[in-house]
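In each ligand, atom 1 is the first atom listed, and ligand 1 is the first ligand listed.
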Amino acid sequence: MSAVVTRFAPSPTGLLHIGHAHSALVGWRAAREAGGCFLLRLEDIDRARCRPGFAAAILRDLAWLGLDWDGAVRVQSEHFADYRAALDRLDALGLLYPCFCTRTAIRAEVTQAAAAPHGVDGALYPSTCRGLSLPERAARRKAGAAWALRLDVAKALALTGTLWWEDERAGRVAADPLRLGDVVLARKETPTSYHLAVTVDDALQGVSLVTRGEDLFAATHIHRLLQALLDLPVPRYRHHPLLVDAGGRRYAKRDRALSLSALRACGRTPQEVRAMAGFPEWAGS
Ligand code: GLU
């Protein structure tokens with residue numbers, strides 16, 4: 001059997017909190033117990049929301065927590081050419097179309113259509129721009145309109161046929177990417193999206209087991225489709241339950257008092273914080 005390779009892939013849009021610590025520890029332990037590799041990746045494609053200060057804080061906080069990672073940290077903003085190449089491949093298959101809808105326009109259209117289908121993140125994009133003619137597309141681009149490139153999911157599925165992935169908790173899962181609709185894979189100002197970058201990177205980095213929170217379970221339907229379209233290897237998945245507070249609420253970046261930096265500043269030890277993050281077995285190490 002080949003070596004287990006896992007990764008932790010935070011976005012430097014804020015400080016790591018106790019929920020992130022849990023997720024990082026899940027991936028780290030899965031790799032270390034199997035004698036495999038644990039990789040770190042900074043998902044900073046959204047240049048408007050990411051800050052270098054947060055990236056530095058992530059590395060510092062993980063090291064303080066006692067986590068070590070193998071090899072260099074992959075910083076997504078340094079690899080736009082890789083995502084561009086994947087996008088070009090999908091484009092050559094005729095699977096992308098430009099969408100000029102604003103969020104407000106999409107919301108308005110969805111509200112109007114009483115029977116509009118709903119996906120995992122609320123209303124599905126109603127594929128408004130899929131039917132635009134080539135001259136219409138050219139005219140809108142020429143007029144300087146903002147655009148996003150969307151994946152024609154139905155057409156893509158017709159190419160790939162039925163797909164599956166192995167999930168360590170959910171078992172064998174049939175991919176159903178239609179439930180996310182025609183997702184955005186790039187924008188005028190950002191030549192990739194989360195879905196594309198994460199799929200390409202997991203393959204390029206040789207990740208064999210994707211460990212991440214179950215809030216990202218639905219995204220895997222699309223990632224599995226992209227893997228098939230781009231001829232990429234299919235990792236196994238472990239979507240772990242999210243750590244919640246005493247009231248059953250999941251932690252978020254707004255919980256400043258539970259950021260690792262804040263916990264360290266108020267005198268908590270790495271052992272105590274690992275225990276708070278659901279790994280008490282290392283509390284004494
Ligand atoms: N960058 C994503 C986040 O911070 C995680 C991506 C992933 O694990 O697939 O939520």
What residues form a ring-ring contact (aromatic ring centres under 6.0 Å, His included) with His17, not counting sequence neighbours? His20

Centres of the His195 and Tyr83 rings: under 6.0 Å? no

Test ring-ring contact (aromatic ring centres under 6.0 Å, His included) applied to His240 - qualifying residues, sequence neighbours left out: His22

Pick out which of Thr211, Asp202, Asp201 makes a side-chain hydrogen bond (donor to acceptor under 3.5 Å, both in side chains) with Arg7. Asp202

Are any of the side-chain heavy atoms of Asp61 and Ser261 separated by less than 4.5 Å? yes

Considering residues at least two apart in sequence or located in another chain, which fulfil the ring-ring contact (aromatic ring centres under 6.0 Å, His included) criterion with His221? Trp165

Per-ligand residue contacts, ligand 1, heavy-atom threshold under 4.0 Å: Arg7, Ala9, Pro10, Ser11, Glu43, Tyr194, Val198, Arg212, Leu216

